[in-house]
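One structure is given below, encoded as structure tokens.
Lettering of chains follows the sequences in order, A, B, ..., and the numbering in each one begins at 1.
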Amino acid sequence: MSRGKFFLTTAIDYPNSRPHIGTAFEKIGADVQARYRRQQGYDVRLLMGNDENTIKVVERAEALGLEPKPYVDDMARQFREVWDALEISYDDFIQTSEERHRIGCQQFIQRVYDAGDIYKKNYEALYCEGCEEFKTESQLNAERRCPNHPQRDLKLVQEENYFFRLSKYGPRLLEHYAAHPEFIQPESRRNEIVSLVKSGLEDISISRRDFTWGIDIPWDAEHKIYVWFDALLNYITGIGYGTDPALFARYWPADVHFIGKDITRFHCALWPAMLWSAGVELPRQVFAHGFVYLKNETTDEVQKISKSLGNVIEPLDIVRKFSSDAFRYYFMRECPFGGDGEFSFTRFAGSYNGDLANNLGNLFSRTVSMALRYFEGQLAGSQSIAPEEIFAGIDLPAVVAEIAGEIEDCRYAAALELIWRQVLDTGNRYIEEQKPWLLASPGKPEYDLEACRRVMVNLAEGVRVAAILVKPFLPDAAAKLYAGFNYPTPFAEATFATAARRPVLTEDLRVTAPLTDDGKVTPLFPKIDLKAEPAAGKK
RNA sequence: GGGCCCGUAGCUCAGUCGGUUAGAGCAGGGGACUCAUAAUCCCUUGGUCCCAGGUUCGAGUCCUGGCGGGCCUACCA
């Protein structure tokens with residue numbers, strides 16, 4: 001029942017410092033898309049990795065008394081530890097120091113060379129080792145230093161380097177943007193790139209001399225391939241370009257590259273030009289997400305996340321304390337993926353308690369505990385009950401389709417809002433309207449055990465729908481919701497299409513949720529006691 | 001200097017092609033309920049849609065000019 005392949009990537013990260021919540025934002029957004037596509041039956045591949053062929057890697061390794069390779073391997077282990085904790089479902093993790101990357105890289109650059117798009121040129125310029133970029137006079141600050149790294153002296157570098165004829169691809173890029181408006185998303189990033197390319201592209205230096213770490217230019221071993229040319233190629237070497245033709249043919253071209261908005265031009269101008277030159281098909285889309293800033297709760301200041309400001313939040317701290325689902329939910333609901341977002345503990349706690357603990361978690365708790373209390377967990381006769389009442393007020397198939405559309409457009413916050421307002425609120429409202437506690441109470445005039453049973457079957461259906469819809473965002477909670485009752489379809493087969501269509505029950509429904517020792521439902525998201533979190537808010 | 005985006009309720013944000021009385025969540029106020037994690041449900045207060053012009057029968061939406069905020073880029077990297 002495969003619906004075709006879906007290949008998506010995240011930007012590869014510099015392993016100079018540990019991942020922070022901003023880095024995590026991108027990976028979560030990519031993972032939601034990957035999980036959603038898998039759920040719908042696509043042959044999905046999510047590729048991530050680290051960008052290791054940089055001068056800073058050598059410096060950091062030296063400072064720690066290590067060789068570069070053991071250093072980057074250990075950093076890769078640390079990154080994967082964080083991604084695993086966040087339940088990022090990557091299928092492969094490429095390190096650019098790997099042999100498969102070198103082989104594919106060299107093969108690719110040779111093809112570009114053979115196509116006549118690489119030439120040698122002598123130049124002299126100031127080089128910033130912090131940015132690993134050459135700087136023009138106009139970019140310098142008053143002390144004639146790089147504004148990003150004012151503590152470093154710039155190096156006057158004079159050497160012969162190889163250049164890629166980026167300039168010649170300008171017109172073709174503009175044609176491509178016009179013919180494929182979806183290629184650069186969101187819209188504002190696209191406008192920026194169009195204007196940049198219209199203003200004219202320069203040829204770009206793609207090699208460095210005298211580096212000991214990195215990939216050799218195949219026809220001239222005195223030169224190493226320079227950062228960007230090397231880094232971008234991970235997207236194809238990571239699925240077997242030059243080493244595994246079958247895998248490459250299966251997944252390329254990428255359906256979407258997820259990147260930070262700061263590196264849009266490399267992905268939307270340089271990368272397509274490189275691919276054209278080497279005769280490789282272009283990716284279908286580049287999605288540039290925004291940045292996450294920190295809101296200082298005492299001053300209300302919004303600040304960048306940086307080591308020098310000392311405001312780096314370890315994703316693992318939040319995950320260990322509140323769960324990966326809680327972490328994922330906050331960023332997907334509170335930070336629009338295409339724009340910037342901000343993090344503060346107060347907002348995190350508000351979203352957690354309100355949306356996760358109260359609306360979602362408590363809907364599950366009250367449903368299961370009523371089924372236990374009134375029917376000892378056994379909903380006899382549920383096979384013959386059609387749960388048509390709970391979603392009678394909404395057009396569920398239309399809502400599900402709308403949610404799917406929002407996820408496909410990476411409008412995750414909008415998708416979650418729909419799930420909460422349309423589906424979960426409807427469930428809670430249904431309980432208030434039906435008042436099952438009256439239906440189950442022998443002394444009351446409303447007493448009607450059969451009606452109560454019907455309500456419970458409807459609620460079990462509501463939980464089923466909720467579990468399916470939150471699955472890409474909250475994999476753990478979704479599994480717990482779905483494990484609440486003995487639904488006939490294995491969760492792995494529960495696509496969005498099945499959300500709006502109740503499966504045929506092979507046996508009556510019964511509670512299968514794990515219970516505490518005193519027979520109660522385990523809360524999905526235990527509430528955060530704000531009074532018990534004094535230090536967290538100051539962070 | 002050139003360019004892009006944003007400015008809507010106390011807060012975070014929707015608002016489609018210009019079309020009725022500008023919406024949601026949270027927060028605030030009032031009420032109901034007791035299955036549930038003091039949850040949930042109902043009602044409700046709250047807006048100079050940044051400002052000034054313009055186009056139009058009609059502008060939050062389009063145009064011009066300001067103000068404020070963010071970002072990209074800046075005469076060979």
State the pairing partner of [N]; accept Watson-Crick or G-U wobble contacts with both distances under 3.5 Å, and report none otherwise.
| N | value |
| --- | --- |
| B:G28 | B:U44 |
| B:A74 | none |
| B:G68 | B:C6 |

Taking the side chain of [X] as heavy atoms from C-beta outward, which of [options] is closest to it?
| X | options | result |
| --- | --- | --- |
| A:Arg366 | B:U37, B:C35, B:C41 | B:C35 |
| A:Asn362 | B:G25, B:A39, B:U37 | B:A39 |
| A:Lys527 | B:A39, B:G25, B:C35 | B:A39 |

Is a donor from one side chain sitting under 3.5 angstrom from an acceptor on the other, for [X] and [Y]?
| X | Y | answer |
| --- | --- | --- |
| A:Thr516 | A:Asp518 | yes |
| A:Asn53 | A:Tyr226 | no |
| A:Ser167 | A:Asp203 | yes |
| A:Arg208 | A:Ser205 | yes |

(message) If you assign each of A:Lys261 and A:Leu360 to its closest nucleotide in RNA chain B, which residue comes earlier from the 5' end?
(response) A:Leu360
Determine whether more than 12 heavy atoms belonging to other residues, nucleotides or ligands lie under 6.0 Å from atom [atom1] of [X].
| X | atom1 | value |
| --- | --- | --- |
| A:Lys168 | NZ | yes |
| A:Lys198 | NZ | no |
| A:Glu376 | CD | no |

Using atom [atom1] of each nucleotide, how far apart are [N] and [M] to the nearest Å?
| N | M | atom1 | value |
| --- | --- | --- | --- |
| B:C26 | B:C41 | P | 8 Å |
| B:U55 | B:C62 | C1' | 8 Å |
| B:U44 | B:A27 | C1' | 14 Å |
| B:C76 | B:C4 | P | 24 Å |
| B:G53 | B:G47 | P | 23 Å |
| B:G15 | B:U61 | C1' | 9 Å |
| B:G23 | B:C49 | C1' | 12 Å |
| B:A32 | B:U8 | P | 37 Å |

Not counting sequence neighbours, which residues clear salt bridge (Lys or Arg N to Asp or Glu O under 4.0 Å) with [X]? List them please.
| X | answer |
| --- | --- |
| A:Glu450 | A:Arg453 |
| A:Asp340 | A:Lys261 |
| A:Lys480 | none |

(request) Just do the salt bridge (charged side-chain N to carboxylate O under 4.0 Å, His left out) check on A:Lys120 and A:Asp220 with the steps written out, would you? (result) CA-CA 11 Å; A:Lys120 211 171 190 181; A:Asp220 185 346; 3.6 Å; yes
What does [X] touch in the nucleic acid at a heavy-atom separation under 4.0 angstrom: a base, only the sugar-phosphate, or nothing?
| X | value |
| --- | --- |
| A:Ser369 | sugar-phosphate |
| A:Gly350 | nothing |
| A:Leu363 | nothing |
| A:Phe525 | base |

In whole angstrom, give the distance that lies between atom [atom1] of [X] and atom [atom2] of [N].
| X | N | atom1 | atom2 | result |
| --- | --- | --- | --- | --- |
| A:Ile259 | B:C72 | CD1 | C1' | 13 Å |
| A:Leu196 | B:C72 | CG | P | 13 Å |
| A:Leu424 | B:U40 | CG | P | 11 Å |
| A:Arg333 | B:A24 | CZ | P | 14 Å |
| A:Asp529 | B:A39 | CG | C1' | 15 Å |
| A:Leu459 | B:U40 | CG | P | 15 Å |
| A:Lys520 | B:A39 | NZ | P | 16 Å |
| A:Gln422 | B:G25 | CD | P | 11 Å |

(message) Could you check, using the six-membered ring where one of them is a Trp, whether A:Tyr162 and A:His223 have ring centers closer than 6.0 angstrom?
(response) yes
(message) Is the distance between the ring centroids of A:Phe322 and A:Phe327 under 6.0 Å?
(response) no
Extract all donor-acceptor atom pairs below 3.5 Å that involve side chains of residues 363-373 of chain A and protein atoms in other chains or at least two apart in sequence.
from     : atom 1 : to       : atom 2 : distance (Å)
A:Ser365 : OG     : A:Gly361 : O      : 3.3
A:Arg366 : NH1    : A:Asn428 : OD1    : 2.9
A:Arg366 : NH2    : A:Glu432 : OE2    : 2.8
A:Thr367 : OG1    : A:Leu363 : O      : 2.7
A:Ser369 : OG     : A:Ser365 : O      : 2.8
A:Ser369 : OG     : A:Arg366 : O      : 3.4

(message) For A:Trp420, give me all partners under ring pair (Phe, Tyr, Trp, His ring centres under 6.0 Å), at least two apart in sequence or on another chain.
(response) A:Tyr329
(request) Scan residues 351-359 of chain A against RNA chain B and write down, sorted by residue number, each residue with any heavy atom closer than 4.0 Å; if none is found, say none. (result) A:Ala357, A:Asn358, A:Asn359
(message) Give the residues of residues 431-456 of chain A touching RNA chain B, defined as any heavy atom closer than 4.0 Å, sorted by residue number.
(response) A:Glu432, A:Trp437
(message) Does the protein touch nucleotides 9-18 of chain B at the base, only the backbone, or not at all? Give it as B, S and - per nucleotide, heavy atoms under 4.0 Å.
(response) ---S------
(request) If a protein heavy atom is under 4.0 Å from the base, mark B; if only from the sugar-phosphate, S; if neither, -; do that for nucleotides 1-6 of chain B going 5' to 3'. (result) --SSS-
Enumerate donor-acceptor pairs with a distance under 3.5 Å from any side-chain N or O in residues 459-471 of chain A to protein atoms, sequence neighbours excluded.
from     : atom 1 : to       : atom 2 : distance (Å)
A:Glu461 : OE1    : A:Arg464 : NE     : 3.0
A:Glu461 : OE2    : A:Arg464 : NH2    : 2.9
A:Arg464 : NH1    : A:Thr498 : O      : 3.0
A:Arg464 : NH2    : A:Thr498 : O      : 3.2
A:Arg464 : NH2    : A:Ala499 : O      : 3.2
A:Arg464 : NH2    : A:Arg501 : O      : 3.3
A:Lys471 : NZ     : A:Phe491 : O      : 3.3

(message) Is it the case that the side chain of A:Asn353 and the backbone of A:Ile528 share a donor-acceptor pair, with hydrogens and angles ignored and the cut-off at 3.5 Å?
(response) yes
(message) Donor-acceptor pair, distance only, cut-off 3.5 Å: does the side chain of A:Asp508 make one with the backbone of A:Ser382?
(response) yes
Please list each protein N or O that sits under 3.5 Å from an N or O in nucleotides 42-47 of chain B, with the distance.
from  : atom 1 : to       : atom 2 : distance (Å)
B:C42 : OP1    : A:Arg429 : NE     : 3.1

(request) Could you list all the salt bridge (charged side-chain N to carboxylate O under 4.0 Å, His left out) pairs where at least one residue sits in residues 396-411 of chain A, not counting sequence neighbours? (result) A:Glu406-A:Arg411
